[in-house]
Amino acid sequence: MAGTDASGSAAPISGKQAIAAATATNISVANLAYSTTYKIYFVASTSTSGASVTAVQSIAVATTAAAPATTVSLAGSVIDGKVSGATLTLYSDRAMTTQVGTGSTDSTGAFSITLTAATTPDPVYIKSAGGTDIDTGMPAPTLFSVGNTAGTNALTTFNVTPLTKDVFDRVSRGNDLATAQSDAKTAFGLTANTGANGLYEDPTAAGNTGLKAAAFKKLAAGTAGSTITAGNYKMFAITISKTDVGSTTVSSIANLVASSNFVAGDVSVTANGDITGTVGSSHFITGKVIGSSMLFNVVDSTTAPTSITRVVGNIGLNGSFSGNFTDVSSLTSTPVMDKGIFVGSMVPATGINAAGLGTFISGFYNPGATSGNMNIVARHIFSGSGEVPRVNWGQAAVTAVDVSAGTAVMGNMTMTQDAGSSAGATSTYTFSDGEYLKSGGIPTNLLVFHFTDATNSADIYIVTAVGLRRGIYFAVSKATNKIELAGESYMSKVDSVAPKGFTAGATEDVTVAGIHPAMPGQSRTAILSQGLLPTIAVSGGMAIPANVDTSNGYTVLGSELAVFQGSMFVMKQDANNDFLDNQLGGGSVDDHLRVVEFYESGAMQGEEILGGTFVPAGGSSITLRDYPMNFVGFVHNRADATLPSFTGSLNFLARTIYASSYLQFGNAYTFGTLSITAPTTTAGSATLVATPAGGTAATSTLTVDVPATGAPGVYHIHGVLSGSGGRYVDITWPIGGTKALYAVSASASGTVEDVGEAYITQ
């Protein structure tokens, strides 16, 4: 068989070459190159001196070979600092349901993923999960990107950074790509893009200082999630529970770290997210990492536990996490529950770069009298019986953080306290000292700030993890050195590109839902009407006054104090200032204190404590503020014609909070995936693939209700749980939030067995 000459025609060969080629290879038409014309030559005669080749016929052969695949390589880097070992997944759609490529970053944070032209989408959606920040040695955040692959706006570098995540967030909530890019540039204060790829350039590159500062503004929002990849870790946490109030002594930061409220352990995480480890010499850890959420149990025996501490939370920057824990003792007889709150971190056992971590944290806080300014909200949860739960809000600046020296400095806090349904007095808390905590020389990613109140009667401690808004705080009596109240603290940088739920002068649709400890034992119908079913908070929308400062201000809406602190929001209703009333027993007044965090979509989530007492079915009276009500919701500006919706797959990690019986509490968590098809004018659908701890996976097909008119942004997902004997599940999720609420009932019309929260992340 001949080859091709310079003109594209077949170039004749002669002699033994032709015979060898013709006899050695059985060439079919299907083997020929695509779209090529061949001249066919035949051997006419042979002789002892060799073969002669004579062209007796020339024909065009139409081949059936497929067109050659044109390939396109998408190259770039994942950059928090540069991230090695990150897993990249490429999609053709915003819902991230159609996967078109996968890859990973190398030791320098770079990647190159080859796609065929037929599957290269425009735009392309990229998710980066896991990996290690090369500069710090800490877990990297989960990042996203969306950008054009064709046309005049086609990218030449497909970097994935905090800035591209901001663009992705804006596209996810309904903006077109060009608008999202323009709005992101404005939000970051970039008067001009840097480099040929603008927001998609490497923010760590020399000369890109504007992009670097902008990236920290996104990270400092406190909404970035991370995951924990396979490896060995040191786990650190500071915890406060109801039983600490009036009994636990704290005289200094050093005393706190030396107490049982500082928890340190060794844990291992497998490739499928399983957690095992130890705390001290007598307690064992088991649990699970799913996406950007985690759950682990601390038990006194792996075979026959008599007590269990269940810890759950969202994972933020540098392996930080915060959330709730539940202690259940006397598991073998009559279980007793104690609830608490915590802030902690998972730090790689090896490979930490303290100097690099110090540089990162300095960039994160950008310390200074004004540039390090933080919005602060502090809310009581646990306190003495005579103490009315309060919320305090204000600002203070982080002025220095030194990882190497283990120090942290903050300015004095000027804070306003509520007086029921109105604002009360303003006080100044004087900074005393602060620490960036280390344990055995290992940076923990935890900061503790110590203040003294205006009357010099109490010490205030605030504990936070770098990269999260939510932390804890507690007040210690100077007279006794005992904790007298404790609660949640929220801190977010004033200049961060953090989501604000409300717009001054706008009318907002506010959709809310919640669960509380009185739900188990009631009928499913009853608990839907008591808060699990998404409802409209204010009929006709909530009118936000035009003169309110939504970055740091407050107002009274009806009978409720509303505090706006950027990406945090507080609602306090207690007109007679005693926190003794609720509607669960048929009352007409509902005292509550609700604190929420906002996410970029408009989702909000947090916890609410209720006033007064309640007697659950078959039980004794409980003080409701000791058992927080988990809360989710959504805020949507009525001027925005784009209604929120979501289609795609989510990580799912659920745990029981309140139940009819706690004898089986040790197995009461479930993990898997939740895939949603958005409802339109008719109901949508969802597929829940869930594996209970110690059990086998089951797939359930559920219904997604169309949101009620005026109540957008919250999906009610419900149906029969496969393989559960007819049990029925209700899930309430605010689109774009990281948490959902759920209830499991004996049937669609049966009794509620347990209620809880599900951590849901992309």
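Using a 4.5 Å heavy-atom cutoff, the side chains of Phe631 and Val595 are not in contact. When side chains are defined from C-beta on, Arg655 does not count as touching Leu653, because their heavy atoms never get closer than 4.5 Å. Contact check for Phe382 versus Ile483: no side-chain heavy atoms found under the 4.5 Å cut-off. Between Arg390 and Phe579 there is no side-chain heavy-atom pair separated by less than 4.5 Å. Contact annotation: the side chain of Tyr759 never approaches that of Leu295 to less than 4.5 Å [non-hydrogen atoms, C-beta and beyond]. The closest side-chain heavy-atom distance from Met346 to Val267 is below 4.5 Å. At least one side-chain heavy atom of Leu357 sits less than 4.5 Å from a side-chain heavy atom of Asn318. Gln395 has its side chain out of reach of Thr414: every pair of non-hydrogen atoms, C-beta onward, lies at least 4.5 Å apart.
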How far apart are the C-alpha atoms of Leu317 and Val466, what are their side-chain angles, what is the distance that settles it, and do they pass the side-chain contact (heavy atoms from CB on, under 4.5 Å) test? CA-CA 7 Å; Leu317 291 178; Val466 177; 5.7 Å; no

Kindly determine whether Asp202 and Lys82 satisfy salt bridge (Lys or Arg N to Asp or Glu O under 4.0 Å), including the steps that lead there. CA-CA 9 Å; Asp202 179 356; Lys82 298 291 181 66; 3.5 Å; yes

Show the numbers, then the answer: is there a side-chain contact (heavy atoms from CB on, under 4.5 Å) between Met415 and Ile376? CA-CA 8 Å; Met415 306 287 283; Ile376 304 172; 3.9 Å; yes

List the steps and the verdict of side-chain contact (heavy atoms from CB on, under 4.5 Å) for Leu437 and Ile253. CA-CA 9 Å; Leu437 295 185; Ile253 295 176; 4.2 Å; yes

Begin from the C-alpha positions of Val403 and Thr359 and carry the test side-chain contact (heavy atoms from CB on, under 4.5 Å) through to its verdict. CA-CA 9 Å; Val403 171; Thr359 299; over 6 Å; no

For the pair Thr426 and Thr416, evaluate side-chain hydrogen bond (donor to acceptor under 3.5 Å, both in side chains) and give the outcome as yes or no after the intermediate values. CA-CA 4 Å; Thr426 297; Thr416 302; 3.0 Å; yes

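Looking at Asp133, its side chain does come within 3.5 Å of a backbone N or O of Gly81 through a donor-acceptor pair. Judged by distance alone, with hydrogens and angles left aside, the side-chain atoms of Ser322 form no donor-acceptor pair with the main-chain N or O of Phe342 at under 3.5 Å. Between the side chain of Thr161 and the backbone N or O of Leu163, at least one donor-acceptor pair lies under 3.5 Å. With Lys242 contributing its side chain and Ser383 its backbone, the two residues share a donor-acceptor pair below 3.5 Å. The main-chain N or O of Tyr365 is found under 3.5 Å from a side-chain atom of Lys493 such that the two form a donor-acceptor pair. Judged by distance alone, with hydrogens and angles left aside, the side-chain atoms of Ser477 form a donor-acceptor pair with the main-chain N or O of Ala479 at under 3.5 Å. In this structure, the side chain of Asp453 engages the main chain of Ala458 through a donor-acceptor pair within 3.5 Å. Not one N or O on the side chain of Asn366 forms a donor-acceptor pair closer than 3.5 Å with the backbone of Gly372.
In this structure, the separation between CG on Leu593 and CE on Met629 is 13.0 Å, given to the nearest 0.5 Å. We find the OG-CG distance between Ser489 and Asn392 to be 11.5 Å, quoted to the nearest 0.5 Å. We find the CZ-CE distance between Phe321 and Met235 to be 6.0 Å, quoted to the nearest 0.5 Å. Rounding to the nearest 0.5 Å places NE2 of His592 at 6.5 Å from CE of Met571. Thr164 contributes atom OG1, which lies 6.5 Å from atom CG of Leu143 (distance to the nearest 0.5 angstrom). The distance from the NZ atom of Lys165 to the NZ atom of Lys218 is 4.5 Å, given to the nearest 0.5 Å.
Listed by first and then second residue, the ring pair (Phe, Tyr, Trp, His ring centres under 6.0 Å) pairs involving residues 462-492 are Tyr461-Phe474 (not counting sequence neighbours). Residue pairs meeting the side-chain hydrogen bond (donor to acceptor under 3.5 Å, both in side chains) criterion with at least one member in residues 219-240, sequence neighbours excluded, are Thr223-Glu600, Asn232-Ser268, Lys234-Asp266.
Pro389 approaches Asp418 most closely through the heavy-atom pair O-OD2, 4.2 Å. Across Ser492 and Ala221, no two heavy atoms sit closer than the pair OG-O, 4.0 Å. Closest approach of Ile460 and Ala475 over heavy atoms only: CD1-CB, 3.6 Å. Heavy atoms only, all atoms of each residue included: Thr399 and Met410 are closest at OG1-N, 4.1 Å. In plain terms, the two heavy atoms of Ile609 and Arg625 that are nearest each other are CG2-O, 3.8 Å. For the pair Val343 and Thr464, the tightest heavy-atom approach, listed with the atom from each and the gap, is CG2-C, 4.1 Å.
Of the residues listed (Asp244, Asn261, Asn481, Leu256), the one engaging Val250 in a side chain to side chain contact (heavy atoms under 4.5 Å, CB included) is Leu256, and it is the only one.
Under the 3.5 Å distance criterion, with hydrogens and angles disregarded, a donor-acceptor pair is assigned to the side chains of Thr738 and Gln605. Inspection of the Lys127 and Thr142 side chains reveals no N or O donor paired with an N or O acceptor under 3.5 Å. With no hydrogens or angles considered, no side-chain donor-acceptor pair links Asp402 and Ser404 at under 3.5 Å.
No more than 12 heavy-atom neighbours from other residues, nucleotides or ligands sit within 6.0 angstrom of OH on Tyr554. At most 12 heavy atoms of other shown residues, nucleotides or ligands fall within 6.0 angstrom of atom NZ in Lys212.
Relative to the ring axis of Tyr599, Arg469 places its NZ or CZ within 45° and under 6.0 Å from the centre.
A salt bridge links Lys288 to Asp274: one of the charged nitrogens lies within less than 4.0 Å of a carboxylate oxygen.
If you look at Phe360 and Phe216, their ring centroids are closer than 6.0 Å. Taking the six-membered ring for Trp, Phe144 and Phe168 have ring centres closer than 6.0 Å.
Ring geometry, Phe236 versus Phe262: the interplanar angle falls under 30°, so the pair is classed parallel (tilted spans 30 to 60°).
For Arg470, the side-chain hydrogen bond (donor to acceptor under 3.5 Å, both in side chains) criterion is met by Asn324, Glu488, not counting sequence neighbours.
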